[in-house]
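Worksheet: one structure, shown below.
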Amino acid sequence: MTDKTAITLTVNGSDHHIACAPRKTLADALREDCGLTGTHLGCEHGVCGACTITVNDAPVRSCLMFAVQAEGGDIRTVEGLAKGDDLSPLQQFFIDEHALQCGYCTPGFLMLIEGTLRQTPDISEDELDEILSSNLCRCTGYRNILRAARRALDHARTTTPEPAA
Amino acid sequence: MSLVGTSVPRQEDRPFVTGRGRYLDDIATPGGLHAAFYRSPYAHAGIGAIDLSDALALPGVVAIYTAKDMAQLLPGGDRLSTGLPSSSIAFPLDRPILPADETVFVGEPLVLVVAHSRAEAEDAVEAIDMDLDPLDVAPDLASAVAYDAVPAHRDRPHNRLAQFDFDYGDHAAAFADAAHVVLGRFEIDRGGAHSLEGRGVLAAPDLIDGRLSVWSSTQTPHALKKHLCRLLDMAEDAVSVTAPDLGGGFGPKLVTYPEEIAIAAAARALGRPVRWVEDRREHFLSACQERAQLWDTEMALDADGRILGLRGTLLHDHGAWTARGLNVPYASGMMLPLMYEVPSYHLDITVAVTNRVPVTPVRGAGQPQATYVMERLLDAAARATGLTRDEIRRRNLVGPERMPCPRPLLLRSGLPVVLDSGDYPATQQSALDACDWAGFDARRAAARADGKRLGIGLANYVEGTGRGPYETVTVRVARDGRIKVNTGAAAMGQGVGTVLSQIVASHLGSDPARVDLTLGDTAEPYGFGGFNSRQTVVAGASAEAAAQVVRKKVLTVAAHLLGLPEDSLEIDGDRVTVAGSNSGRSLTLAEIAGAAEGLPGYQLPGIDSPGLMATERVVIDGMAFANGCLVAEVEVDAETGLVRVLRLELAHDCGQMVNPVMVDGQIMGGLAHGLGNALCEKMVFDSENQPLTGTFADYLMVTSAEMPPVGVSHSETPSPLNALGLKGVGESGVIPTAAAIASAVEDALSDLGVTISTAPLTPAALRAAIVAAKEART
């Protein structure tokens, strides 16, 4: 269980050749072995959603997935949202709507919304609101996050999604 | 141009939305080691033999420290003395870094394991064989102070850590003369802070110069530095403490913890970086908690519904160690009568040691409980007198004509409490108007026709903010013309950096993007950090003063260099220009800063001391009291006890706002936390004081699904206590919420005769109250 296995993780379009123990979670592998610390751990039991990323466009809790399970998948993290210095519309909506304070849960919410809108661009507002209740935030009281998410939904409805880089 | 009062965008946001925040566990230390703690599985046990042989043999294990080993690493003592002084405390309960003989709560750290990875450290923790001899515990708060109670510490005589009172006026006469007396017994449960990022610490010794660098997810880096210097017997300039980005604080990160000391000691002993990052289970078990209190209170009123007196008892759960002091029960007792005209008051407070996680402030710090009790009593008084709930409050609130209003109460410093400013009746009226209080009966009737049971409730409150004595702020215009701000104020996620940059930039060119901040700076010898909704007030006051001094120097030097009078100049962005002139004559701040430094053999340019720099520590002894009124509308299912909050309307006054969007953000977050306290957040312990809520699956926090639409309206009555008229806001939303919800739920069930006296009001608790009311009627 503690012997390391060589795997390749494809994160934000780049391959990371890493060696990790089979018991290592995807979240830990992203943070420790790929150097991508934007994915945060809030509970490590799959409730708070701070560690949410997307794998093949589906939002997943990276604390509940082993790194070895993600090999071959298209893994996306918060670090992949902006293009260079240009923030994605969703990131800008979070800033504009004051949808973050300490920022710790923010990557999880961003990737939850990103994955949801990629998978279901025609989702209803009520369904989107319901999905957002799967992540926890202690700072904002959520209303501004809902506003930012709704703006992202409006944006998704009126634009053709760009293929991920 | 002043930026105070404008919602400038937060400096903090861009790194956070791009994954470039730098939280404690994001700091890379190649070759660094990881730690895990063996934590007590018992609430109370004697510690016997410890066998580490299996654990030491596991792969990756570097070192294991028991209490005895740890004491060797701590020449300055192996206990944390973090309590605020009080003559009421009967016996000291300073926390050991690792206890040697006895453990007193589930989750207490007993042994430290250092290994190459966290997983290996945890494996070794599992392999530690420790003889623990379980001891009896008092099963709940009330029984802990019974005269035959088992002491939570076997070498202490009892659990009554402190007994003190608040007392003024002739309460005996008040109750003898009363036309009405209402009473109530109120029970508020324990909850946690649950910042999404837990605690964490990383210590890295420098083997060349012997210095120790420590990063901690703490609200008070200065306090941690003081404790490290003392316990490790290190000089002040040999230790630096840095708080990186904090993934939330909410109170518990304001005290220094044994883990922070133990990790620093181990890193020093091993000569390598060592980190410990709290996981959620550890946060449930070992991060400080709050709120558990039992109140027995009564209120005397005259025939017109004017309060004559208030008296009763408060039993406060202190937890197993003194990790902060008596400040939480003190705040509760001070707050109870504070915003109403209460001519006589007597409250006996007993602080009980329990075999549970130590209690220190969680957002609100004793104020939500007092507000709950006072507002519940006022609802009962409304029923007894036949007045409406808003009218009885109107008759008793301290009026604006009384401001500033000295109260017959003392701050913990011994100074009298003075309500500094505010119009409480007007604030209440704003909240009532915002939610159409007068039209509620029609809404209730319409809902009732649809088979729905609605209720409306309100709660007034004040929030003590801006705890002094001061916070240090240094403002300097650097050689490159950028504005450097160093302060003891610590960021904990609320955006204090943006606030300070607004205040400073207002005097130095009005561009907050030109301000670079170093927060929680322990290179500065004097500072405190983040707690008690204080930083915008006290650091803001120092920032204002320092920026004004630097502005004056900038203009003096520029006037000298340009040969123009100072009052003809203005600072605009990165340069000083001639006001109202298009002459093109100007100097950049960089040029002025260069000149102000001086040249060998030349006179300074018009100034007495070199440089464009000022350090200020504006001392503010009094507290700035923000106030508000929250109205809640709820729907209650009387069959299941489920409460759905339909709407919240908060009228609020925190003086001059610096950044209104961020003020609203603070309020919204506080309201969400308050809703948790009102309805669902509850630490459950069994009769052995074993926590039964150890995950987010059984300790329920409010999610977006439970968060109702919220309206917030502001008035801005300046505080006379600081130049900008500021008051704090960080704990505002959390204080009135449980009280307003209880008022609304009771209103929804008024025909059933249900009275609400507990928080949180879980469906099970409410259903039990409904059943009890029904049984009482039959």
Side-chain angles (χ1 to χ4, degrees), chain A residues 1-2 21 23-24 28 31-32 35-48 50 77-82 85 87-88 90-92 94-108 110 129-146 149, chain B residues 7 9-10 12-23 25-26 28 59-60 117-120 123 193-198 245-250 277 279-281 492-495 661-662 664-673 695-697 701-707 709-710 733:
Chain A
M1 193 170 67
T2 54
R23 69 177 178 177
K24 192 162 205 170
D28 283 347
R31 292 179 49 81
E32 295 169 12
L36 296 169
T37 55
T39 299
H40 300 151
L41 290 162
C43 73
E44 296 175 83
H45 50 254
V47 182
C48 81
T77 68
V78 68
E79 288 93 342
L81 287 177
D85 283 341
L87 298 181
S88 75
L90 176 61
Q91 289 170 311
Q92 192 61 51
F94 262 64
I95 293 175
D96 294 345
E97 298 295 337
H98 188 32
L100 68 151
Q101 289 180 28
C102 83
Y104 198 78
C105 73
T106 308
L110 289 169
D129 285 358
E130 189 175 329
I131 282 176
L132 289 175
S133 74
S134 55
N135 282 20
L136 292 176
C137 169
R138 195 56 146 174
C139 293
T140 65
Y142 301 105
R143 302 297 300 185
N144 291 349
I145 296 176
L146 293 181
Chain B
S7 296
R10 295 192 345 144
E12 294 85 353
D13 284 352
R14 193 179 174 93
F16 291 166
V17 298
T18 51
R20 293 193 181 86
R22 196 154 166 272
Y23 303 90
D25 200 25
D26 301 342
S117 71
R118 171 72 178 233
E120 287 167 328
D123 287 345
H194 292 292
S195 51
L196 263 286
E197 180 207 34
D245 289 330
L246 253 64
F250 311 115
V277 177
D279 64 23
R280 187 56 49 184
R281 180 170 173 276
M492 47 200 273
Q494 74 286 63
V661 163
M662 284 168 51
D664 283 351
Q666 287 296 305
I667 287 171
M668 293 292 290
L671 289 170
H673 194 154
T695 73
F696 280 147
M701 298 202 337
V702 163
T703 74
S704 63
E706 288 82 43
M707 193 66 192
V710 178

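If you're wondering where the values come from, they're calculated on a predicted model, not measured in any experiment. A, B, ... follow the sequence lines: proteins, then strands. Residue 1 opens every chain.
- Using a 4.5 Å heavy-atom cutoff, the side chains of B:Arg118 and A:Asp28 are not in contact.
- Heavy-atom pairs under 4.5 Å with chain A were tallied for B:Asp664, B:Leu246, B:Asp279; the largest tally goes to B:Leu246.
- Interface check for chain B: of the options A:Glu79, A:Arg31, A:Glu32, the most heavy-atom pairs under 4.5 Å are formed by A:Arg31.
- Just one of B:His194, B:His673, B:Glu197 meets the side chain to side chain donor-acceptor pair (under 3.5 Å) condition when paired with A:Arg138; it is B:His673.
- The most heavy-atom pairs under 4.5 Å with chain A, out of B:Arg281, B:Arg22, B:Gln666, come from B:Gln666.
- For chain A, the nearby parts of B:Phe696 are the backbone and the side chain; heavy atoms of each come within less than 4.5 Å.
- Contact count versus chain A (heavy atoms, under 4.5 Å) is highest, among B:Asp25, B:Val710, B:Leu196, B:Asp245, for B:Leu196.
- Judged purely by distance below 3.5 Å, without hydrogens or angles, the side chains of B:Glu12 and A:Gln101 never pair a donor atom with an acceptor atom.
- For the side-chain contact (heavy atoms from CB on, under 4.5 Å) with B:Val17, the qualifying choice from A:Leu100, A:Val78, A:Leu90, A:Leu81 is A:Leu100, the only one to do so.
- Here the CE atom belonging to B:Met707 is positioned 14.0 Å from the CG atom belonging to A:Leu132, to the nearest 0.5 angstrom.
- The greatest number of non-hydrogen atom pairs below 4.5 Å with chain A, out of B:Ala28, B:Ala672, B:Gly247, B:Ser117, is found for B:Gly247.
- Closest of all the heavy-atom pairs between B:Tyr23 and A:Tyr104 is OH-N, 3.4 Å.
- Chain A forms more heavy-atom pairs under 4.5 Å with one residue of B:Pro15, B:Ala119, B:Gly495 than with any other, namely B:Ala119.
- Interface remark: A:Thr106 contributes side-chain atoms only to the contact with chain B (heavy atom separation under 4.5 Å).
- Interface summary for chain B: among A:Gly38, A:Cys102, A:Gly141, A:Ser133, the most heavy-atom pairs under 4.5 angstrom belong to A:Cys102.
- Under the 4.5 Å side-chain criterion, counting only non-hydrogen atoms from C-beta, A:Gln91 is not in contact with B:Asp13.
- Contact of the B:Val702 side chain with the A:Tyr142 side chain is registered, since non-hydrogen atoms from C-beta on lie closer than 4.5 Å.
- Looking only at side-chain heavy atoms (C-beta outward), B:Phe250 and A:Cys139 come within less than 4.5 Å of each other.
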Original post:
Should A:Leu136 and B:Thr703 be marked as a side-chain contact (heavy atoms from CB on, under 4.5 Å) after you check the CA-CA gap, both sets of side-chain angles, and the distance that decides it?
Top reply: CA-CA 6 Å; A:Leu136 292 176; B:Thr703 74; 3.9 Å; yes

Subject >> Derivation of the side-chain contact (heavy atoms from CB on, under 4.5 Å) call for A:His98 and B:Arg10 >> reply: CA-CA 8 Å; A:His98 188 32; B:Arg10 295 192 345 144; 3.6 Å; yes

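- Note: A:Ile131 CD1 to B:Ser704 OG = 10.5 Å, rounded to the nearest 0.5 Å.
- Per-residue heavy-atom pair counts under 4.5 Å with chain B were compared for A:Leu36, A:Leu110, A:Leu87, A:Ile145, and the maximum is reached by A:Leu87.
- A:Glu44 places none of its side-chain heavy atoms less than 4.5 Å from the side chain of B:Arg280.
- Heavy atoms closer than 4.5 Å to chain B are found nowhere in A:Glu130, neither backbone nor side chain.
- Nearest heavy atom pair, residue B:Met668 against residue A:Thr140, reads CB-O, 3.3 Å.
- The most heavy-atom pairs under 4.5 Å with chain A, out of B:Gly665, B:Pro9, B:Ala705, come from B:Gly665.
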